[in-house]
Amino acid sequence: MDLQAVNMNVFRVPFFRFLNFDILEVGKFHAKAEMAFDSRHIGNPIMEHYHGGIIASFMEATAAIAVQPDFADVPAKPINLTVDYLRPGVKGPLTAQATVTRKGSRIASVRVLSWQASPEKSVAEGLYHFLLV
Amino acid sequence: MSEITQEKMDQIAQMWNARGKGLITHMALKIEEVSTEAVQVRMPFNPDFCVDSDQTLLHGGILTALLDSVFGLANFVAIEGVSTMATLDLRVDYLRPARSRADVIVRAHCYRKTRHIAFNSGSIWFDNHVDDEIARGTASFALTRGKTSLFEAMTRGKP
């Protein structure tokens, strides 16, 4: 599926517009996205760090795109998630890379990494499950 | 349910109001109940947080963000002398599709606190549908303790 069509699909989702991210890459089993920093993403108003929930939301959005980039009405249905927060997300863009570790007929498991300066220095790592039926 | 001091209650209100920017302001959260046992917060419906074009289905991520925020509040209320607090990990189960335009209610508590770590759990439902839980989450937070309280850090430099 071509990138422009995927990004048009992303733009239809109100909450994805709120997050304000672009899909940079999409493949059969992965997706990569970049989110622009905005004051509405702030969790810690003193340090101006990203809210942990915004990081988890952006990672969930990227994971859903990796699972179903051509979703028709709403993005892939999430079942649950676990996130490890490793470093603070500082003011600036945040990148997420989602890899589908297993896609069965009913359930998909997706691993997501997010980082700012380099992928070796993850801001957060997550595991997400989606229901495909 | 044990009561909290008026001073702590005033600090919470001040801290909440001092947040002139950020997600919490955008979510327009209202504290409904606060004690060392549990906190309950209301989030009005906001179409920006939906995934569908009809804007009736909330994205799971906003529920995760809501739990993370309210866990922080629960820790602030339940633990004395915290200077910083960071989410270590978070697990959320989405129990039902979050399809409604009703207000969202979150109830959370700190069920164990140690010198370095706080453990939290919480639930989310739509107003007047307490039996139809839409999400449940647990988290752990890393705490640091020191001379500067979290409250002082949060309100520093404010008039």
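Below, chain A is the first sequence line, B the second, and so on; all start at residue 1.
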Non-hydrogen atoms of chain A under 4.5 Å away: do they reach the side chain of B:Pro47, the backbone, both or neither? backbone
Which atoms of B:Leu57 come close to chain A, meaning under 4.5 Å heavy atom to heavy atom: side chain ones, backbone ones, both, or neither? side chain
Might you confirm whether atom CZ of A:Arg111 has over 12 heavy atoms from other residues, nucleotides or ligands at distances under 6.0 Å? no
Rounded to the nearest 0.5 Å, the CG atom of A:Asn44 sits from the CE atom of B:Met85 at a distance of 10.0 Å
Choice from A:Ala56, A:Ala64, A:Gly52, A:Pro78 maximising heavy atom contacts with chain B below 4.5 Å: A:Pro78
Most heavy-atom pairs under 4.5 angstrom with chain A, which of B:Ala135, B:Ala86, B:Ala65? B:Ala65
Given the options A:Thr82, A:Leu81, A:Ile55, which has more heavy-atom pairs under 4.5 Å with chain B than any of the others? A:Leu81
To the nearest 0.5 angstrom, please state how far the NE2 atom of A:His51 sits from the NE2 atom of B:His26. 13.0 Å
Chain B contact via A:Ile79 - side chain, backbone, both or neither, heavy atoms under 4.5 Å: backbone
Gap between atom CE of A:Met59 and atom OG1 of B:Thr64 - 0.5 Å precision: 11.0 Å
Could you check which of A:Ala61, A:Pro75, A:Pro88 has the highest count of heavy-atom pairs closer than 4.5 Å to chain B? A:Pro75
If you tally heavy-atom pairs under 4.5 Å between each of B:Asp68, B:Asp48, B:Asn46 and chain A, the highest tally belongs to B:Asp48
Assigning hydrophobic clusters by single linkage (Ile, Leu, Val, Met, Phe, Trp, Tyr; side-chain heavy-atom cutoff under 4.5 Å), is B:Ile31 placed with B:Val106? yes
Please determine whether residues A:Ile54 and A:Leu113 belong to a single hydrophobic cluster, defined as Ile, Leu, Val, Met, Phe, Trp and Tyr linked transitively by side-chain heavy-atom distances below 4.5 Å. no
Is B:Ile117 reachable from B:Ile79 through a run of hydrophobic residues whose side-chain heavy atoms are each under 4.5 Å from the next? no
In short, A:Tyr85 meets B:Leu90 closest at the heavy-atom pair OH-CD2, 3.6 Å
Using a 4.5 Å heavy-atom cutoff, which residues in residues 9-32 of chain A come close to chain B? A:Val13, A:Pro14, A:Phe15, A:Phe16, A:Phe18
Do you reckon A:Leu3 sits in the same ILVMFWY cluster as A:Phe71, going by side-chain contacts under 4.5 Å, direct or chained? yes
Contacts under 3.5 angstrom, residues 136-143 of chain B side chains, donor-acceptor by atom type, not counting sequence neighbours:
| from | atom 1 | to | atom 2 | distance (Å) |
| --- | --- | --- | --- | --- |
| B:Arg136 | NE | B:Glu133 | OE2 | 2.7 |
| B:Arg136 | NH2 | B:Glu133 | OE1 | 2.9 |
| B:Arg136 | NH2 | B:Glu133 | OE2 | 3.4 |
| B:Ser140 | OG | B:Asp89 | OD1 | 2.6 |

Examine whether an atom of A:Glu48 lies under 4.5 Å from a heavy atom of chain B, and if so say whether it belongs to the side chain, the backbone or both; otherwise answer neither. side chain
Please answer: with hydrophobic residues joined when any side-chain heavy atoms are less than 4.5 Å apart, are B:Trp125 and B:Val41 in the same cluster? no
